[in-house]
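Note that the coordinates shown come from a computational prediction; the quantities given were computed from them, not determined experimentally. Reminder, nothing fancy here: chain letters follow the sequence lines and each chain counts from 1.
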There are 2 protein chains.
Amino acid sequence: MNVTQEDYLKSILNIEMSGQQATVSTLSNMLHVKPSSVTEMVKKLSELDLLLYKKYKGFKLSPKGKTLALKILRRHRLWETFLYNVLNYPWSDLHGEAEKFEHLISSNMESRIDELLNYPAFDPHGHPIPQKDGLLPLNERVKFYHVLSQVEIGGQGTLVQVSDDSVSFLDYLEQIDLSIGDLITVKDKRNFDNAMEITFKHKTLLLTRQMADNIIIDVQST
Amino acid sequence: MNVTQEDYLKSILNIEMSGQQATVSTLSNMLHVKPSSVTEMVKKLSELDLLLYKKYKGFKLSPKGKTLALKILRRHRLWETFLYNVLNYPWSDLHGEAEKFEHLISSNMESRIDELLNYPAFDPHGHPIPQKDGLLPLNERVKFYHVLSQVEIGGQGTLVQVSDDSVSFLDYLEQIDLSIGDLITVKDKRNFDNAMEITFKHKTLLLTRQMADNIIIDVQST
DNA sequence: AAAATTTTTTAGGGATACCTAAAATATGAA
DNA sequence: TTCATATTTTAGGTATCCCTAAAAAATTTT
């Protein structure tokens, strides 16, 4: 296993967790690599028994591959939590630093960090951290979770999750002091550009559709 | 700069700090690499202005190379200190883990760790940690430091430093509970194999010459 | 100065990851 | 079902890095 291969596994897990079927073209777009390069790597990973692959018929993570991908995701999210809680990193820097380190963390180190952080279930963005057995902790309130862009005018809830990979987005949120746990109210929606107006902490804010798509709130949690 | 190149710089710094002149053959032995590979890399590093090099005449770190090598050494020792103080790693695992991470630590992370550890001057093995300006902190008692193998019968002092790269050696010291700060007394020396007998914490121990060469004590510190 | 040693050059290799272009295959619309 | 389109695979090539073995050159020792 090297860094590139681990990145492929992570991306495939990512696609599968969103309920989609991973294809050569989705990976090609996601990793900014030509389709033929993807095919080549998919073959290699299936030879390593990390993917189940039938020519022309598609591929998916094997049990072994899924276990490994979840382990990498676990290390990524544990490391983000460590950077945030212990080293006081800002939100926007977490993802990039974790991308580098997730590949280097040994099982031993993983356990020690887990212990230091007191076995966290969620990372600083509100994403669940896969546990040692590979299971994702489920918040019992998950049934009240809504993507902010889908919430109607007047709806409100507490911020529980933000997507972690756009640096400028996270920078912006941190700058305006919007954090996990804040109460958000949808004040207005505009057909133009699908923008929406929200309030939180007595502040009013206009969010683009893109932003609202990457924010999850827990409704009726007041 | 990649990992291999950084390892070359570190080794050269290592040799120079011990007062020797780095040569192709010393590096070749140290890195378990053929002399021609060393020459190739030395040429590359000198093109990067990290080494001053004249064919057949030898080479040494340039100011720029020395700064970089000290930065890597700083990160290595800071990371060891972090693993020991924060993650409770045993002595013997520190070096190996630090070898991996020293290449990934950014300036930002370096500062944060430095702060977390409260700006340490020495690592868990007692080695000085190069400071941000590249200077090595000097213990004012350094004039009382002696390599244990050179100490005469009856001499005693506190343990201040152990070499950090033999896993089994460190494992052994930890197992018998010999730690930095312990008072050591030389009880006997044997011509045979240059072994020496010491006592500490009411225990008696026979050390090989190799071991005693890698232990530094501060004499008359009682 | 000849011999021994060390360093450098030459020539070529393996691994990895990526690319392009062309061929093969699958899919979906008419 | 056939044809056009889109996707996937094959084939062969590039670049980077670091490696080795053997020959050549320089330096040091005797």
Side-chain angles (χ1 to χ4, degrees), chain A residues 1-16 18 20-62 65 68-69 72 96 99-100 102-104, chain B residues 1-16 18-62 65 68-69 72 99-100 102-104:
Chain A
M1 274 291 92
N2 59 39
V3 171
T4 313
Q5 292 175 343
E6 292 191 354
D7 284 340
Y8 270 84
L9 288 186
K10 254 181 42 187
S11 296
I12 296 167
L13 176 66
N14 211 13
I15 295 168
E16 290 186 359
S18 74
Q20 293 173 261
Q21 162 80 253
T23 65
V24 169
S25 37
T26 50
L27 278 180
S28 164
N29 289 327
M30 194 173 268
L31 299 169
H32 306 107
V33 147
K34 290 285 177 289
S36 49
S37 304
V38 175
T39 301
E40 206 171 340
M41 183 57 86
V42 163
K43 253 194 312 198
K44 192 169 293 172
L45 292 174
S46 94
E47 268 154 31
L48 292 170
D49 290 322
L50 297 168
L51 295 180
L52 300 172
Y53 171 52
K54 298 201 95 163
K55 286 182 184 178
Y56 294 102
K57 293 297 185 183
F59 54 89
K60 59 173 195 168
L61 291 170
S62 70
L68 184 47
I72 300 164
E99 287 283 302
K100 297 190 312 192
E102 64 192 5
H103 307 290
L104 271 199
Chain B
M1 273 293 92
N2 59 40
V3 171
T4 312
Q5 292 174 343
E6 292 190 355
D7 284 340
Y8 269 85
L9 288 186
K10 255 182 42 189
S11 297
I12 296 167
L13 176 65
N14 212 12
I15 295 168
E16 290 186 359
S18 75
Q20 293 173 259
Q21 162 82 253
T23 66
V24 169
S25 36
T26 50
L27 277 179
S28 165
N29 289 327
M30 195 173 267
L31 299 169
H32 306 107
V33 147
K34 291 285 178 287
S36 51
S37 301
V38 175
T39 301
E40 200 174 343
M41 182 57 83
V42 163
K43 252 194 312 195
K44 192 170 295 171
L45 292 174
S46 94
E47 268 154 30
L48 293 169
D49 290 323
L50 298 168
L51 294 182
L52 301 172
Y53 171 52
K54 298 203 93 164
K55 284 180 188 179
Y56 293 103
K57 293 298 184 181
F59 52 88
K60 60 174 196 166
L61 291 169
S62 70
L68 184 47
I72 300 164
E99 288 282 303
K100 296 190 313 192
E102 64 192 5
H103 306 289
L104 271 200

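Protein atom OH of B:Y56 is 17 Å distant from nucleotide atom P of C:dT5, rounded to whole Å. Here the P atom of nucleotide D:dT16 and the CE atom of B:M1 are 16 Å apart, to the nearest Å. For the pair A:D7 CG and C:dT16 P, the computed distance is 16 Å after rounding to whole Å. Between B:Q21 atom CD and C:dT6 atom P there is a gap of 15 Å when expressed in whole angstrom units. Across the protein-nucleic acid pair, A:M41 atom CE and D:dT9 atom C1' stand 16 Å apart, rounded to whole Å. In this structure, the CD atom of A:Q5 is 14 Å from the C1' atom of C:dC18, given to the nearest Å. As rounded to whole Å, 11 Å separates atom P of C:dA15 from atom NZ of A:K44.
Residue B:N2 places at least one side-chain N or O closer than 4.0 Å to OP1 or OP2 of D:dC18. Phosphate proximity of C:dT7 to B:K57: absent, as no side-chain N or O sits under 4.0 Å from OP1 or OP2. In terms of phosphate contacts, B:S25 brings no side-chain nitrogen or oxygen within less than 4.0 Å of OP1 or OP2 of C:dT5. Put simply, A:K43 has a side-chain N or O that comes within less than 4.0 Å of OP1 or OP2 on D:dT10. A close approach under 4.0 Å does occur between a side-chain nitrogen or oxygen of B:Y53 and OP1 or OP2 of C:dT8. Phosphate proximity of D:dA25 to B:K55: absent, as no side-chain N or O sits under 4.0 Å from OP1 or OP2.
If you take CD on A:Q20 and CG on A:N14, they are separated by 9.0 Å, rounding to the nearest 0.5 Å.
Within a 6.0 Å radius of NZ in A:K60, no more than 12 heavy atoms belonging to other residues, nucleotides or ligands are found.
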Worksheet item: Would B:D7 and B:H103 satisfy side chain to side chain donor-acceptor pair (under 3.5 Å), going step by step from the backbone distance to the final call?
Response: CA-CA 9 Å; B:D7 284 340; B:H103 306 289; 3.2 Å; yes

Worksheet item: Under the side chain to side chain contact (heavy atoms under 4.5 Å, CB included) criterion, do B:M41 and B:V33 qualify, and how do the steps go?
Response: CA-CA 11 Å; B:M41 182 57 83; B:V33 147; over 6 Å; no

Item to complete: Begin with the C-alpha distance, continue with both residues' side-chain angles, and end with the deciding distance and a verdict on side chain to side chain contact (heavy atoms under 4.5 Å, CB included) for A:L31 and A:V38.
Response: CA-CA 9 Å; A:L31 299 169; A:V38 175; 5.6 Å; no

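Scanning residues 28-40 of chain A for heavy-atom distances under 4.0 Å to DNA chain C yields A:V33, A:K34, A:S36, A:S37, A:E40.
In plain terms, the two heavy atoms of A:S11 and A:M30 that are nearest each other are CB-SD, 3.7 Å.
In this structure, the side chain to side chain donor-acceptor pair (under 3.5 Å) partners of A:S25, at least two apart in sequence or on a different chain, are A:T23.
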